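None of these values were measured; they are calculated from a predicted model.
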2 protein chains.
Amino acid sequence: MQDPKSNPAAGANLLFLREAEIRAAQDMLFFAYRDFTNAADVILEELGLGRAHHRVLHFIGRNAGMSVGELLAVLRITKQSLSRVLGALIEEGYVAQAQGRADRRQRLLTLTPKGEELERRLFERQRERIVKAYREAGSTAVEGFRRVMRGIMDEQAHEFVDGADGEPRGVRHGR
Amino acid sequence: MQDPKSNPAAGANLLFLREAEIRAAQDMLFFAYRDFTNAADVILEELGLGRAHHRVLHFIGRNAGMSVGELLAVLRITKQSLSRVLGALIEEGYVAQAQGRADRRQRLLTLTPKGEELERRLFERQRERIVKAYREAGSTAVEGFRRVMRGIMDEQAHEFVDGADGEPRGVRHGR
DNA sequence: GCTTCTACGTCAACATTCCTGCCTTAATTT
DNA sequence: AAATTAAGGCAGGAATGTTGACGTAGAAGC
């Protein structure tokens, strides 16, 4: 590309660059997600579980005591899809259900010790990748990553990321 | 974790490696990917296409003239999985095949004008999200996002992101 | 208290996307 | 000429998702 000052169509050039950047972002989201999720696949396969099971374990671990309805809203799948996967996890003793105190219709979900142990093993694999990326990129880049990722997600999901167990900023979700 | 001052390894700088931060990254990757891909679903559904078709359109558009084998390597799916999706796209006139010049066994894939038009429509939906996120986060954050995302992906994928059509940095992939 | 709504579970049937294993053809490489 | 590679196809099956309908228990409204 030539000197921007000598380019009469500087605007078009900027638009072009912007589009190339956006397309690169598409690529990166695909590859990052592909390789990040793949990191845990070896362990899952040994146990005859799939990625759907991993997602359920992850989110119950992240938000212990969540209801089935909340889990459905986070995963954005139907009750029927969840039931197969969740049923298997309960059957095999990874997840426990408890009747809600305030609302006894609810089934509050938690990981059993066995479930926590598996979730941790899966987490460690993915953790390696994130830690490597974070360390190489540095804290400023990590803050930028966080800001952009939040911008890509639906607003609704911000609440979940902030309010999940682990309390990133010492504040529990207000609602 | 204990008092950062008592940590000889400059702990304060590495706070972004705490477990809570890594878990938040897991969440964000899930939500960002979920909502980003979802952006194009309305259009796809109208045409009776799925996300697999979108991915194929995207990558052929990104790398016009790529071979079937290259596409398989990028998507990391089997020939059989691709053949159904790719076959449909060719059948409906979104994608064209041409015999390779150097290697006539290869089928080089390109988007037809119809395919380009659809890819652009799908792109525009996703573009909105990225542009919004980039704008809100600022250029420093975007650079950080890029660095972290690259760190999460397999090395192998860097080449593709850099070398895809659109020439982000005016350099065609050397190999 | 009775009716209505809600949370959850389940059955049946099906769509999409992915997989493995095996075989064929044509073209390139050795 | 023989081996390898690129692409395609067939048979069969697994994982994950969907819709629609129905039942039960508990909460909420009148």
Measure from [atom1] on [X] to [atom2] on [N] and round the result to the nearest Å.
X: L75(A); N: dT16(D); atom1: CG; atom2: C1'; answer: 12 Å
X: E91(B); N: dG9(D); atom1: CD; atom2: P; answer: 11 Å
X: L72(A); N: dT10(C); atom1: CG; atom2: P; answer: 13 Å
X: H54(A); N: dA15(D); atom1: NE2; atom2: C1'; answer: 17 Å
X: L89(B); N: dT17(C); atom1: CG; atom2: C1'; answer: 14 Å
X: R34(A); N: dT17(C); atom1: CZ; atom2: C1'; answer: 17 Å
X: L47(B); N: dT16(C); atom1: CG; atom2: C1'; answer: 16 Å
X: E70(A); N: dT6(C); atom1: CD; atom2: C1'; answer: 14 Å

- Query: Considering the terminal five base pairs at each end of the helix from dG1(C)-dC30(D) to dT30(C)-dA1(D), what angle separates the two local helix axes, rounded to 10°?
  - Reply: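 End axes: 30° apart.
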
- H58(B) and D27(A): CA distance, side-chain angles, deciding distance, side chain to side chain contact (heavy atoms under 4.5 Å, CB included) verdict: CA-CA 9 Å; H58(B) 167 75; D27(A) 288 355; 2.6 Å; yes

- Can you check whether H53(A) has a side-chain N or O nearer than 4.0 Å to OP1 or OP2 of dT16(D)?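 The answer is yes; a side-chain N or O of H53(A) sits under 4.0 Å from OP1 or OP2.
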
If you look only at distance, which donor and acceptor atoms sit under 3.5 Å apart when one is on a side chain in residues 47-56 of chain B and the other is two or more places apart or in another chain?
residue	atom	partner	partner atom	Å
R51(B)	NE	D41(B)	OD1	3.2
R51(B)	NE	D41(B)	OD2	3.3
R51(B)	NH2	D41(B)	OD2	2.6
H53(B)	ND1	G50(B)	N	2.9

- Message: Tell me if the aromatic rings of F160(A) and F59(A) count as close, with their centers under 6.0 Å from one another.
- Response: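 Yes.
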
- Query: When all nucleic acid strands are considered with a 4.0 Å heavy-atom cut-off, which category describes Q97(A): base, sugar-phosphate, or nothing?
  - Reply: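 Sugar-phosphate: the residue Q97(A), judged by heavy atoms under 4.0 Å, touches backbone atoms but no base.
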
- Drop me the distance from L75(A)'s CG to R34(B)'s CZ, to the nearest 0.5 angstrom.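 If we round to the nearest 0.5 Å, L75(A):CG and R34(B):CZ are 8.5 Å apart.
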
So which protein N/O to nucleotides 27-30 of chain C N/O distances come out below 3.5 Å?
residue	atom	partner	partner atom	Å
dT28(C)	OP1	R104(B)	N	3.4

- Query: Hey, which of these two, R51(A) or R107(B), hits DNA chain D nearer its 5' end, going by closest nucleotide?
  - Reply: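 The residue mapped nearer the 5' terminus is R107(B).
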
- Message: By the ring-ring contact (aromatic ring centres under 6.0 Å, His included) test, which pairs, at least two apart or in different chains, include something from residues 81-123 of chain B?
- Response: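 ring-ring contact (aromatic ring centres under 6.0 Å, His included) check on residues 81-123 of chain B returns no pairs.
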
- Yes or no on side chain to side chain contact (heavy atoms under 4.5 Å, CB included) for V95(B) and I60(B), after CA distance, side-chain angles and deciding distance? CA-CA 8 Å; V95(B) 171; I60(B) 295 177; 3.9 Å; yes

- Message: Between E19(B) and R120(A), does any side-chain N to carboxylate O distance fall below 4.0 Å?
- Response: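 Between R120(A) and E19(B) there is a salt bridge, with a charged N closer than 4.0 Å to a carboxylate O.
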
- Any ion pair linking R150(A) and E155(A) (charged N to carboxylate O, less than 4.0 Å)?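 Between R150(A) and E155(A) there is no salt bridge, as every charged N stays at least 4.0 Å from the carboxylate O atoms.
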
- Please assess M153(B) against V161(B) for the test side chain to side chain contact (heavy atoms under 4.5 Å, CB included), listing each intermediate value before the final yes or no. CA-CA 10 Å; M153(B) 303 183 301; V161(B) 177; 4.2 Å; yes

- Just wondering, do D35(B) and R76(A) contact through their side chains at under 4.5 Å, heavy atoms?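 Heavy-atom side-chain distance check passes, below 4.5 Å.
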
Dump the pairs, protein N or O against N or O of nucleotides 17-19 of chain D, anything under 3.5 Å, distances to one decimal.
residue	atom	partner	partner atom	Å
dG17(D)	OP1	R55(A)	NH2	2.8
dG17(D)	N7	R84(A)	NH2	2.5
dG17(D)	O6	R84(A)	NH1	3.2
dT18(D)	OP2	T78(A)	N	2.6
dT18(D)	OP2	T78(A)	OG1	2.8
dT18(D)	OP2	S81(A)	OG	3.2

Please set out all donor-acceptor pairs under 3.5 angstrom arising from side-chain atoms of residues 131-144 of chain B, sequence neighbours excluded.
residue	atom	partner	partner atom	Å
K132(B)	NZ	G151(A)	O	2.9
E143(B)	OE1	R146(B)	NE	3.3

